[in-house]
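Lettering follows sequence order; numbering is per chain, from 1.
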Amino acid sequence: MLQLNYIRENTADVLKRLAIKNFKDAETIISSVLQLDVKRRAIQQSTDAVKAEANIIAKQIGMLMKEGKKEEAENLKLKTGQLKQSEKEFDEELATIEKEIHDILVQVPNTPHLSVPAGKTPEDNITILEHGTIPTLYEGNTPHWDLTTKYNLIDFELGVKIAGAGFPVYKGKGARLQRALINFFLDRATAQGYLEVQPPIVVNEESGYGTGQLPDKEGQMYFIGEDKLYLIPTAEVPITNLYRDVIVKEIDLPIKNCGYTPCFRREAGSYGKDVRGLNRLHQFDKVEIVQIAPPEKSYQILEEMRDYVAGLLKELELPFRILKLCGGDMSFGSALTYDLEVYSAAQSRWLEVSSVSNFETFQTNRLKCRYKDGTGKTQLAHSLNGSALALPRIVAALLENNQSPKGIVIPKVLVPYCGFEIID
RNA sequence: GGAGAAAUGGCAGAGUGGUCGAUUGCGGCAGUCUUGAAAACUGUUGUACCGUAAGGUACCUGGGGUUCGAAUCCCUAUUUCUCCGCCA
């Protein structure tokens with residue numbers, strides 16, 4: 001959520017940036033918020049004035065009672081009736097207008113960084129780096145969904161029986177590969193200075209709100225109605241919410257956390273080749289990295305995070321590219337996002353395996369995640385996160401790219417984690 | 001799940017209707033002393049909103065109520081602790 005004060009003081013800038021995100025009716029919405037804000041401040045002044053008067057009278061009555069001047073006290077009490085009435089009215093008016101403002105603000109997306117390219121569709125994203133060579137596969141290569149069956153790594157049908165489509169059962173070397181990747185990712189992240197955390201994989205409503213999944217995207221999360229808990233769509237939610245209602249010392253920034261969790265997504269509305277095999281699942285595993293950063297360093301940190309993830313892909317020897325997302329393809333809360341995509345050779349397509357974003361104060365404003373700066377002033381920190389990495393598509397690319405007539409070759413870096421060099 | 005107790009500032013812990021935004025201790029910050037540090041001493045130390053400012057308003061787990069006035073009384077929700085039950 002954008003800060004009202006910021007909108008008020010930088011209206012032109014906000015509008016300019018919202019245009020990059022193709023946010024419709026930005027001018028109308030922003031100006032209505034600003035009008036409501038003027039009204040709100042006027043009402044608050046009236047409210048405060050009435051309350052101040054009432055407080056004074058209450059104190060006077062207290063004094064009179066102490067001095068035993070009951071009659072005078074009774075007279076003063078008579079005066080308070082009118083005040084109480086208008087106090088109540090003002091309070092209600094204020095609450096109403098604050099809710100109105102809030103309801104509008106939650107619908108306004110984050111303002112993109114000025115370097116974000118304009119554009120509406122993924123075609124408008126900018127490729128900033130391509131790395132590795134796309135492998136030439138041998139005659140008779142197959143997509144991963146055939147390989148997983150051939151080598152008995154994943155049983156999709158069994159998952160359907162147990163839970164439903166999109167809940168695969170990993171078996172044998174398939175299961176071991178999962179575990180290997182998780183450990184590899186966590187080891188690399190901790191070596192990079194990220195503190196590993198193991199958060200709950202369900203969150204309450206407040207947490208969903210804090211990182212922006214609620215109120216908008218609740219249809220994308222599994223909900224346990226009896227206990228009012230949401231299954232997390234990403235570890236970003238519980239980990240970032242660790243810092244909800246927290247004021248940290250500047251010296252403790254940046255805070256770097258990583259964590260492995262399963263992720264659950266309802267993926268309502270997905271279909272076709274996008275959901276085939278491992279391409280899109282309802283449950284998948286991911287290691288997430290999260291940073292709480294001082295504003296002046298957040299963009300440098302974003303690049304570090306992006307490059308760190310790229311480093312993982314290099315170690316895994318996967319061909320990949322990095323995209324800088326255009327305004328139209330960025331998520332609601334992000335100010336700048338890099339997507340990392342690996343090339344899945346048998347499918348002949350790029351698969352998104354990581355999304356690294358700077359949210360600036362968009363999340364921390366909701367979270368009330370702040371720090372004291374050098375001058376002792378309290379201000380909002382920036383929050384950033386990225387996948388490092390999501391497993392299924394990595395597995396898909398590994399299987400497809402590394403297939404050979406003899407079997408699937410495990411990248412060197414994973415061999416110690418897997419305990420085998422080839423899947424055959 | 002049953003019975004009981006509790007929830008106060010970064011922490012500990014006072015405060016049961018009227019100058020209480022809240023005693024005190026610890027911690028933090030600044031200073032004095034010291035070659036430096038420690039100790040001791042002195043001062044300072046919550047958040048948000050409104051206001052150019054002076055200042056004002058709100059917040060003692062959340063919500064509602066009683067009252068001229070609520071940290072304090074009542075209702076309610078949540079959470080925590082103790083005991084019992086169940087259980088990885």
A.B. asks: What is the base-pairing partner of A14(B), counting Watson-Crick and G-U wobble geometry with both distances under 3.5 Å?
C.D. replies: none

A.B. asks: What is the pairing partner of A53(B), taking Watson-Crick or G-U wobble pairs with both distances under 3.5 Å in any strand?
C.D. replies: none

A.B. asks: Sequence neighbours left out, what passes side chain to side chain contact (heavy atoms under 4.5 Å, CB included) with Asp48(A)? Give chain and number order.
C.D. replies: Gln44(A)

A.B. asks: For Arg176(A), what residues pass the salt bridge (Lys or Arg N to Asp or Glu O under 4.0 Å) criterion, not counting sequence neighbours?
C.D. replies: none

A.B. asks: Hey, does the side chain of Arg8(A) come within less than 4.0 Å of C50(B)'s phosphate (OP1/OP2), counting only N and O?
C.D. replies: yes

A.B. asks: Can you confirm whether more than 12 heavy atoms, excluding those of Glu196(A), are under 6.0 Å from its CD atom?
C.D. replies: yes

A.B. asks: Going by purine N1 to pyrimidine N3 plus the second Watson-Crick contact, or the G-U wobble pair, all under 3.5 Å, which nucleotide sits opposite U34(B)?
C.D. replies: none

A.B. asks: How many whole angstroms separate atom OH of Tyr371(A) from atom P of G10(B)?
C.D. replies: 20 Å

A.B. asks: Quick one: which residue pairs count as a side chain to side chain donor-acceptor pair (under 3.5 Å) with a foot in residues 86-99 of chain A, not counting sequence neighbours?
C.D. replies: Lys51(A)-Asp91(A), Gln85(A)-Glu89(A), Lys99(A)-Asp103(A)

A.B. asks: Sugar-phosphate atoms are those with a prime plus P, OP1 and OP2; base atoms are the rest. Using that split, label each nucleotide of nucleotides 52-61 of chain B B, S or - for protein heavy atoms under 4.0 Å, 5' to 3'.
C.D. replies: ----BSS---

A.B. asks: Is there a donor-acceptor contact under 3.5 Å from the side chain of Ser357(A) to the main chain of Ser334(A)?
C.D. replies: no

A.B. asks: Using whole Å, what does the distance between atom P of nucleotide U47(B) and atom NZ of Lys377(A) come to?
C.D. replies: 13 Å

A.B. asks: Answer with yes or no whether the side chains of Asp285(A) and Gln178(A) bring together a donor and an acceptor at under 3.5 Å.
C.D. replies: yes

A.B. asks: Less than 6.0 Å separating the ring centroids of Phe264(A) and His282(A)?
C.D. replies: no

A.B. asks: Taking side chain to side chain contact (heavy atoms under 4.5 Å, CB included) as the test, write out the residues that go with Asn152(A), two or more places apart.
C.D. replies: Lys171(A)

A.B. asks: Give me the distances for all protein-to-nucleotides 86-88 of chain B N/O pairs that come in under 3.5 Å?
C.D. replies:
none

A.B. asks: I'd like the P distance from U23(B) over to G15(B), given in whole Å.
C.D. replies: 14 Å

A.B. asks: Base, sugar-phosphate alone, or nothing: which one does Lys372(A) contact when heavy atoms must sit under 4.0 Å apart?
C.D. replies: sugar-phosphate

A.B. asks: Looking at RNA chain B, which of residues 31-41 of chain A put a heavy atom within less than 4.0 Å of it?
C.D. replies: Arg40(A), Arg41(A)

A.B. asks: What residues in residues 200-212 of chain A put a non-hydrogen atom under 4.0 Å from any atom of RNA chain B?
C.D. replies: none

A.B. asks: Answer yes or no: does atom CD1 of Ile251(A) have more than 12 heavy-atom neighbours from other residues, nucleotides or ligands under 6.0 Å?
C.D. replies: no

A.B. asks: Specify the separation, in whole Å, of atom CD of Gln379(A) and atom C1' of A48(B).
C.D. replies: 16 Å

A.B. asks: Starting at NZ of Lys249(A) and ending at C1' of C29(B), how long is that distance when rounded to a whole Å?
C.D. replies: 11 Å

A.B. asks: Rounded to whole angstrom, note down the C1' distance from G55(B) over to A5(B).
C.D. replies: 43 Å

A.B. asks: Name the pairing partner of G69(B), where a pair is Watson-Crick or G-U wobble with both distances under 3.5 Å, or state none.
C.D. replies: none

A.B. asks: For Glu205(A), does the CD atom have more than 12 heavy-atom neighbours from other residues, nucleotides or ligands under 6.0 Å away?
C.D. replies: no

A.B. asks: Could you tell me the Watson-Crick or G-U partner of C29(B), where both distances fall under 3.5 Å? Say none if there is no partner.
C.D. replies: G43(B)

A.B. asks: If we call it a pair only when both distances are under 3.5 Å in a Watson-Crick or G-U wobble match, what pairs with C20(B)?
C.D. replies: none

A.B. asks: List every contact pair, protein side and nucleotides 63-72 of chain B side both N or O, where the distance is under 3.5 Å.
C.D. replies:
none

A.B. asks: Is there a side-chain contact between Pro233(A) and Gln220(A) in this structure, where contact means two heavy atoms from C-beta onward sitting under 4.5 Å apart?
C.D. replies: no

A.B. asks: Restricting to salt bridge (Lys or Arg N to Asp or Glu O under 4.0 Å), what partner residues turn up for Arg244(A), sequence neighbours left out?
C.D. replies: Glu206(A)

A.B. asks: Tell me: CD of Glu98(A) to P of A48(B), nearest whole Å?
C.D. replies: 15 Å

A.B. asks: Between Phe156(A) and Phe167(A) (judged by ring centroids, cut-off 6.0 Å), do the two rings come close enough to count as a pair?
C.D. replies: no

A.B. asks: Do Gln363(A) and His382(A) come close enough that some side-chain heavy atom pair is under 4.5 Å?
C.D. replies: no

A.B. asks: Judged by modelled atom types alone, do Tyr260(A) and Asn183(A) share a side-chain donor-acceptor pair under 3.5 Å?
C.D. replies: no

A.B. asks: For C60(B) and C73(B), measure between their C1' atoms and round to the nearest Å.
C.D. replies: 16 Å

A.B. asks: Which base sits across from A88(B) as a Watson-Crick or G-U pair, both distances under 3.5 Å?
C.D. replies: none

A.B. asks: Between Met1(A) (CE) and A48(B) (C1'), how many Å, whole number?
C.D. replies: 13 Å

A.B. asks: If I pick the P atom on A58(B) and the same atom on G65(B), what distance separates them, to the nearest angstrom?
C.D. replies: 16 Å

A.B. asks: Run the side chain to side chain contact (heavy atoms under 4.5 Å, CB included) test against Pro200(A) and tell me which residues pass, sequence neighbours left out.
C.D. replies: none

A.B. asks: Give none if C83(B) has no partner; otherwise give the nucleotide forming a Watson-Crick or G-U wobble pair with it, both distances under 3.5 Å.
C.D. replies: G2(B)

A.B. asks: Quick one: ring pair (Phe, Tyr, Trp, His ring centres under 6.0 Å) pairs with a partner in residues 218-253 of chain A, sequence neighbours left out?
C.D. replies: Phe223(A)-Tyr230(A)

A.B. asks: For the residue pair Lys324(A) and Tyr338(A), would you count it as a cation-pi contact if the rule is NZ or CZ under 6.0 angstrom from the ring centre and within 45 degrees of the ring axis?
C.D. replies: no

A.B. asks: I'd like the P distance from U24(B) over to U34(B), given in whole Å.
C.D. replies: 30 Å

A.B. asks: Tell me the interatomic distance from Leu64(A), atom CG, to U19(B), atom P, rounded to whole angstroms.
C.D. replies: 15 Å

A.B. asks: Starting at atom CG of Asp245(A), determine the distance to atom P of G46(B), rounded to an integer number of angstrom.
C.D. replies: 18 Å

